[in-house]
Amino acid sequence: MTIPLNIHHDRHALVHPAIADPIEANPLAWVTSRAGEVSIATPLPLVGDYDSEGRLTALIGHFALANRQVAALRAEPRAVVLFSGPHAYV
């Protein structure tokens with residue numbers, strides 16, 4: 001079972017293509033948060049959700065329900081999302 005992850009930000013800000021394009025091209029992100037004094041990070045593919053005017057309204061993905069970060073985010077619903085560039089396996 002999974003739970004949805006919707007990350008919202010300032011809905012009035014337009015997202016510049018220099019930010020939106022890399023998110024769309026490289027959707028794997030690290031979602032980092034805190035569980036008390038401990039940092040937790042989970043790699044998740046995220047998809048940007050845009051309104052009709054091109055504003056990013058949410059990043060959508062999902063966690064496995066058994067992931068301990070789920071409880072941490074329910075207790076403190078704040079996270080930092082880190083996207084990286086292109087990657088490959090060697």
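Worth knowing before you read on, the calculation uses all heavy atoms, side chains too, and leaves out hydrogens, waters and symmetry mates.
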Asks: Would you find a donor on one side and an acceptor on the other, under 3.5 Å apart, between the side chain of Gln69 and the backbone of Ala35?
Replies: no
Asks: Find out if a path of hydrophobic residues (ILVMFWY) with successive side-chain heavy-atom gaps under 4.5 Å connects Phe83 to Ile40.
Replies: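 Looking at the clustering, Ile40 is in a separate group from Phe83.
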Asks: Measure the CD-CG distance between Glu24 and Leu46 for me, rounded to the nearest 0.5 Å.
Replies: 10.5 Å
Asks: Are Ser84 and Asn26 linked by a side-chain donor-acceptor pair shorter than 3.5 Å?
Replies: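 Short answer, no.
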Asks: Is Val81 reachable from Phe63 through a run of hydrophobic residues whose side-chain heavy atoms are each under 4.5 Å from the next?
Replies: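 Yes.
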Asks: Got a second to check how far Leu82's CG is from Leu28's CG, nearest 0.5 Å?
Replies: 11.0 Å
Asks: Is it true that a side-chain atom of Thr32 and a backbone atom of Val80 form a donor plus acceptor pair closer than 3.5 Å?
Replies: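 Yes, Thr32 side chain to Val80 backbone: donor-acceptor pair under 3.5 Å.
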Asks: Quick one: OG on Ser33 to CZ on Arg74, what's the gap to the nearest 0.5 Å?
Replies: 13.0 Å
Asks: Using atom types as modelled and distance alone, determine if a side-chain donor or acceptor of Thr57 lies under 3.5 Å from a backbone N or O of Asp49.
Replies: yes
Asks: With clusters defined by side-chain heavy atoms of hydrophobic residues (ILVMFWY) lying less than 4.5 Å apart, directly or transitively, does Leu44 cluster with Leu65?
Replies: yes
Asks: Treating Arg34 as the side-chain partner and Glu37 as the backbone partner, does any N or O pair qualify as donor plus acceptor under 3.5 Å?
Replies: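 Checked: pair present.
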Asks: Give the minimum heavy-atom separation between Val70 and Ala64, together with the two atoms involved.
Replies: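 Where Val70 meets Ala64 most closely, the heavy atoms are CG2-O, 3.5 Å.
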